[in-house]
Each structure stands twice: as C-alpha cells, then as structure tokens.
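This report refers to the structure that appears directly beneath it.
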Amino acid sequence: MSRQHKIAILKYTTKNFWMLLIPLVRGLIAVNFDFYHWLQGAYWDLIVILLMIGFAVLRWYFVRFEVGEKGIFISHGVFLRNEFTIPYSAVACASAARSMWLRPIRAVTVALDSDSHSTLEQGKKADAELIMKLTDYTKIYNNIPSSSTNAKFSYRASKADLVFFSLVFSSTLSGVIFLGTLFIQGSRIVGNQLEEQFLNAVSGVTEFMQKIISGVTPAAVALTLIFALGWGFSFVSNLLRHINFRIQRCGNDITVRNGFFSKWKYYVNISKVNCADLRQNLLMKICRVMSVHVSCTGYGKSKNEIPVFVPVTTKKRVMSTMQMMLPSFTLSNISLKPKPSYILPFLWGPLLSAVLLPVGAVTAARFFPAWSGIVKFLLIMGEIPSLYLIAVKITAKFTTGIGFGSDTITLKYCKFSQFHTVIVPKSRIAYVRLSRTIFQRFNGTCDVWVYSRGERASKHRIRGIDVKKAEEFFGIKNGGGLD
C-alpha cells in the first residue's frame with residue numbers, strides 16, 4: 001500500500017489557509033523580528049495553525065492506495081474507513097496534471113472518473129483524485145490502456161489554430177473574477193498600492209483617449225480597461241494551457257497531451273464518449289472553421305478545463321481528424337427542420353433587448369443628466385451584442401435540425417451565441433422527450449429534448465420541429481419518452 005506525495009498535506013488544509021499566515025508575517029515584520037514579543041501576541045494564532053496542519057497530516061496519513069493490474073484500490077477515512085476499487089475497464093477518463101509547482105518535486109495529480117457517481121460524495125469532483133509520486137503515476141498509466149493493436153493515429157494542432165482557439169473561447173468573466181480576487185486579496189497584503197496603481201493607469205488612459213474621442217469619461221475607460229484586462233488574462237491562460245496540443249488514438253484508447261509550464265495528460269475510453277460537439281460562433285461559421293469538444297465523464301471536468309478534442313481549424317481538417325479519432329461518430333444529413341413560420345421564438349429575446357435598451361437609456365438620461373455620458377457609453381456597449389445576437393438567431397433559424405444515421409443522430413442547434421452540431425451514438429441516448437408551449441399547440445410544433453448518457457445526463461434542445469414528424473421519427477406518443 002502506498003501513500004500520496006507529502007505535498008498532498010497542503011490539499012487537506014482549509015481553502016484560505018495561507019491567508020492566516022499573512023497577519024503573522026506582518027506582525028513579525030512590525031516588531032523587527034523580535035520573536036519573543038511576537039510569540040506573546042501571536043501564540044493563539046500559532047496554536048490554531050498547528051492544529052490545522054496536524055489534522056491535515058492525519059487525513060493524509062490515512063489515505064492509502066494500491067496500483068493493481070486490473071484496478072486501483074483506495075482506502076481513506078480517519079474514524080470511518082471507506083475502501084473501494086476502481087477497475088480500469090470502468091474508467092471513462094483518467095487525467096494527470098503536472099503543474100509547474102509540482103514538477104520539481106516529481107509529484108502528479110491523478111484523477112480517475114467513471115460514469116458512476118463518486119463514492120467520495122464530492123459533487124462534481126472525480127471518483128478518485130490523488131497527488132502521487134511520479135513512479136506510482138507511471139504504474140497506473142501503464143495498466144490503463146486495454147488495446148492490443150499497434151496501429152496509431154495522431155493529430156497535432158498548429159500554433160495558429162491554438163491562438164485562434166484561445167481567442168474564441170477566452171472568457172472575459174473569468175478574467176474579471178480573477179482581477180477582482182487579485183485586488184481584494186492583494187489589498188490585504190500590500191494595502192492600497194494596487195488600487196492606486198490601477199487608478200493612475202485609468203487616469204493616464206483617459207487623458208490619451210480624450211485626445212482621440214471627446215467626452216470620454218474615467219468610468220467608461222475603467223470599465224473598458226477591466227474587461228480588456230480580464231479577457232487578456234483569460235486568453236493568455238488558455239493559450240499556455242493548450243499549447244503543444246496533441247491527440248493520439250491506439251485502438252479504443254485516446255491520449256491527449258497539452259500544456260507549456262504545466263503539463264496535462266488525459267486517457268479517454270472511446271466507448272465511454274457520450275457525444276461529440278462541433279462548436280462555432282457566427283464568425284467561425286462564416287470562415288468555415290470549428291472546434292470539436294466531447295462529452296466524456298472526467299474530461300474537461302476540473303475548473304477552467306475545456307473538453308476540446310480538436311482546437312479551431314478548418315471544417316475539412318476537422319472531418320478528417322474526426323474520422324481518425326472517432327470513426328464511429330459520423331455526421332448525418334438534416335431531415336427534421338423547424339417549420340418555416342417558426343421564427344419569432346428565435347428572435348424575440350435579442351429584439352426585445354435591442355428595443356428596450358434605447359428606451360431605458362433615454363429615460364435614464366432625463367432623470368440623471370449628469371450621467372448622460374456614461375449612459376450613452378452603456379447603451380452602445382449593450383446595443384452591439386443585441387444586434388449581433390439578432391444576426392446569430394436568424395442564422396440559427398435556418399441551420400437548426402435533426403439528422404438520423406444508422407448508429408448515430410446529429411443535432412444542430414444554437415445555445416445563446418454558440419452553434420452546436422452534436423453527434424450522439426444511439427447507444428448513448430438516455431431519453432428523448434417532446435415539450436410544447438401553449439403557442440406551439442396552435443402552430444403544430446414542439447421542442448425535441450435529447451438526453452445523452454454520462455455521470456449526469458446532458459440535454460440538447462431542438463426547437464420548432466413539426467410535432468407529427470417528431471413523433472413519427474422517435475416513436476413518441478403524447479409528448480412522452482421513447483416507446
């Protein structure tokens with residue numbers, strides 16, 4: 001039986017454990033490193049920290065595992081023991097993360113996941129997640145692959161494709177959250193210096209912008225700067241994470257590698273892949289490029305992970321790569337489409353936003369004339385995405401539909417501003433149902449909901465399909481499930 005790497009002790013401390021050390025360090029600096037006087041005022045804090053570290057060591061000590069030929073045995077629990085075995089044949093995805101902080105000490109974070117719910121009752125976490133020595137990780141990865149064939153197919157994404165992928169899938173929100181956390185937590189450490197530096201930067205940018213655009217306000221510049229920095233951070237982190245992206249298939253096993261400073265490696269069992277999702281936004285659709293994401297329990301499950309199989313590239317290259325990596329996932333021609341008259345439900349959201357925003361801006365400018373500059377800025381910033389969404393939804397109306405193949409079905413739909421072409425093997429379909437609103441009962445349409453299997457069923461909604469044709473194709477009666 002083996003234990004985790006000793007660095008795993010830090011995992012069992014509280015989430016903000018390091019924050020408790022800040023006042024202690026600042027107190028030590030304040031008394032000019034006079035340890036005697038420092039201990040007189042901080043001994044209770046030290047006792048609490050030592051107790052937390054002691055409990056973390058205790059939890060680490062009672063977690064053991066054994067790497068076998070057919071599975072990994074795990075035992076954990078201080079007072080109540082919990083023992084279980086994860087067979088390699090049941091593993092849908094196994095991931096190994098060698099972060100830049102763990103690589104010098106030869107430690108690896110290994111996560112094993114199957115379609116069953118976690119026995120550790122950890123919600124969205126993997127069935128088992130261990131920080132282990134590099135030698136133990138090597139044993140696991142040597143035992144997991146089940147294929148005996150020597151034929152290998154591989155695909156390596158180009159740097160241009162990865163840059164484009166990072167541009168498209170960078171999240172401004174996650175970057176803004178990071179910046180907010182940086183300012184909040186950083187101000188506790190260095191006082192108001194971060195805030196002062198940011199305000200000075202805003203002031204400098206405002207002066208520069210006023211030379212180009214008259215009437216620009218510091219608030220508008222601050223908002224723009226925050227969003228730009230947030231998106232920029234998300235872009236850089238995505239690029240560094242997915243650089244050196246390479247995918248290889250050997251029989252029924254797929255291995256994905258990526259990362260620059262930190263290295264990630266994933267093992268994916270093809271038979272456990274629930275669906276393949278070809279994603280595009282409007283610009284990508286015009287340029288005829290797309291990316292491929294897959295739904296497989298454990299792949300892309302961790303925070304800030306994207307379950308990508310093929311980063312953004314041309315449709316021709318995507319199809320050829322799909323044929324190599326997922327040969328059973330074939331596209332089908334669309335045979336069920338929304339009724340020609342079913343268009344308003346696609347458009348009412350962005351249309352309403354595009355109309356109400358100017359009305360709200362005029363009203364706000366009358367009541368708060370001093371804020372008219374900010375109101376105009378916010379109006380423009382809000383109207384641009386509304387008009388963009390109108391174009392997206394018009395395109396969605398003419399591209400949505402369902403196709404049927406011998407072993408798979410193809411679902412085309414738009415969710416918010418993303419176009420999805422989802423290929424689901426019929427063996428991985430958990431449930432199909434039809435739903436109808438009051439208005440759909442008058443025009444003879446329905447929404448088709450397809451649920452694919454997995455640890456948690458994923459749902460796909462195709463809107464505005466003729467109800468009689470949907471019932472005929474799926475064999476559904478009275479809006480229920482499959483017969």
Side-chain angles (χ1 to χ4, degrees), residues 90-93 113-119 121 123-124 126-127 268-279 292-301 307 309 326 328-339 342 345-346 396 399-416 418-441 443-483:
V91 173
C93 177
D113 221 335
S114 65
D115 287 338
S116 62
H117 291 284
S118 173
T119 58
E121 297 182 356
K124 295 183 178 180
D127 292 350
V268 176
N269 187 340
I270 293 180
S271 63
K272 305 290 185 180
V273 175
N274 303 309
C275 63
D277 185 0
L278 284 63
R279 297 188 184 182
V292 180
H293 298 217
V294 295
S295 170
C296 180
T297 304
Y299 187 57
K301 190 175 185 178
F309 246 43
L326 299 171
S328 59
F329 287 70
T330 55
L331 280 172
S332 305
N333 294 326
I334 299 302
S335 54
L336 283 181
K337 296 182 179 180
K339 275 192 169 183
Y342 192 88
F346 282 93
T399 56
T400 296
I402 305 173
F404 298 86
S406 57
D407 298 315
T408 62
I409 66 171
T410 301
L411 311 171
K412 287 192 173 185
Y413 61 93
C414 178
K415 190 173 182 181
F416 191 56
Q418 287 283 323
F419 295 92
H420 299 263
T421 300
V422 180
I423 306 170
V424 187
K426 292 180 179 179
S427 61
R428 303 301 290 179
I429 296 176
Y431 185 68
V432 178
R433 71 179 178 91
L434 309 183
S435 66
R436 304 179 73 186
T437 64
I438 296 175
F439 301 104
Q440 286 177 325
R441 292 183 182 274
N443 59 23
T445 63
C446 67
D447 292 344
V448 179
W449 298 79
V450 178
Y451 294 79
S452 55
R453 297 184 186 275
E455 187 179 31
R456 292 174 180 81
S458 301
K459 56 185 178 181
H460 313 277
R461 180 189 184 190
I462 299 85
R463 307 171 65 181
I465 303 297
D466 185 286
V467 65
K468 292 182 179 180
K469 290 183 179 179
E471 289 175 347
E472 178 184 348
F473 274 97
F474 288 104
I476 297 175
K477 296 181 180 179
N478 300 322
L482 284 171
D483 286 342

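In this chain, residues are counted from 1 in sequence order.
Scanning for ring pair (Phe, Tyr, Trp, His ring centres under 6.0 Å) contacts around Phe346 gives Tyr342, with sequence neighbours left out. Scanning for ring pair (Phe, Tyr, Trp, His ring centres under 6.0 Å) contacts around Tyr299 gives Tyr266, Phe309, with sequence neighbours left out.
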Does Ile402 form a side-chain contact (heavy atoms from CB on, under 4.5 Å) with Ile334? I'd like the steps, not just the answer.
CA-CA 5 Å; Ile402 305 173; Ile334 299 302; 5.7 Å; no
Assess whether side-chain contact (heavy atoms from CB on, under 4.5 Å) is satisfied between Ile429 and Tyr451, documenting all intermediate values.
CA-CA 6 Å; Ile429 296 176; Tyr451 294 79; over 6 Å; no
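Distance check: Lys337 NZ to Ile465 CD1 gives 10.5 Å after rounding to the nearest 0.5 Å. Distance check, rounded to the nearest 0.5 Å: NZ of Lys469 to SG of Cys446 gives 12.0 Å. Leu278 CG to Lys412 NZ: the interatomic distance, rounded to the nearest 0.5 Å, is 9.0 Å. Atom OG1 of residue Thr445 and atom NZ of residue Lys468 lie 13.0 Å apart, to the nearest 0.5 angstrom. Atom-to-atom distance recorded for Thr297:OG1 and Asp113:CG is 6.0 Å, nearest 0.5 angstrom. For the atom pair Trp449 CH2 and Leu434 CG, the distance stands at 12.0 Å (nearest 0.5 Å).
Shown here for Lys272 and Ala90, the closest heavy-atom pair between the two residues is CE-O, 4.2 Å. Of all heavy-atom pairs between Cys275 and Pro425, the closest is CA-CD, 4.5 Å. Heavy atoms only, all atoms of each residue included: Thr400 and Pro338 are closest at O-CD, 3.1 Å. Closest non-hydrogen pair, Cys93 versus Val268, comes out as SG-CG2, 4.2 Å. Of all the heavy atoms in Ala470 and Val448, the pair that sits closest is CB-CG2, 4.1 Å.
Side chain of Gln440 to main chain of Thr437: a donor-acceptor pair is present (N/O by atom type, distance under 3.5 Å, no hydrogens or angles). Here the side chain of Thr410 pairs a donor or acceptor atom with the backbone of Ser332 at under 3.5 angstrom.
For Lys426, the NZ atom is densely surrounded, since the number of other residues' heavy atoms within 6.0 Å is greater than 12.
Residue Tyr413 forms a side-chain hydrogen bond (donor to acceptor under 3.5 Å, both in side chains) with just one option from Arg461, Arg463, His460, and that option is His460. Paired with Ser114 under the rule side-chain contact (heavy atoms from CB on, under 4.5 Å), one option of Asp127, Asn269, Val91 passes, and it is Asp127. Among the candidates Val273, Thr408, Val294, Ile409, the single residue satisfying the side-chain contact (heavy atoms from CB on, under 4.5 Å) test with Ile423 is Thr408.
Looking only at side-chain heavy atoms (C-beta outward), Pro345 and Phe439 stay at 4.5 Å or farther from each other. Under the 4.5 Å side-chain criterion, counting only non-hydrogen atoms from C-beta, Phe329 is not in contact with Asp407. Contact annotation: the side chain of Val292 never approaches that of Asp277 to less than 4.5 Å [non-hydrogen atoms, C-beta and beyond].
Under 3.5 Å, the side chains of Arg428 and Asn274 contain a donor-acceptor pair of N or O atoms.
One finds no salt bridge joining Asp447 and Arg436 here, because no Lys/Arg side-chain nitrogen approaches an Asp/Glu carboxylate oxygen to under 4.0 Å. Salt bridge Lys339/Asp466: present, at least one basic N to carboxylate O contact under 4.0 Å.
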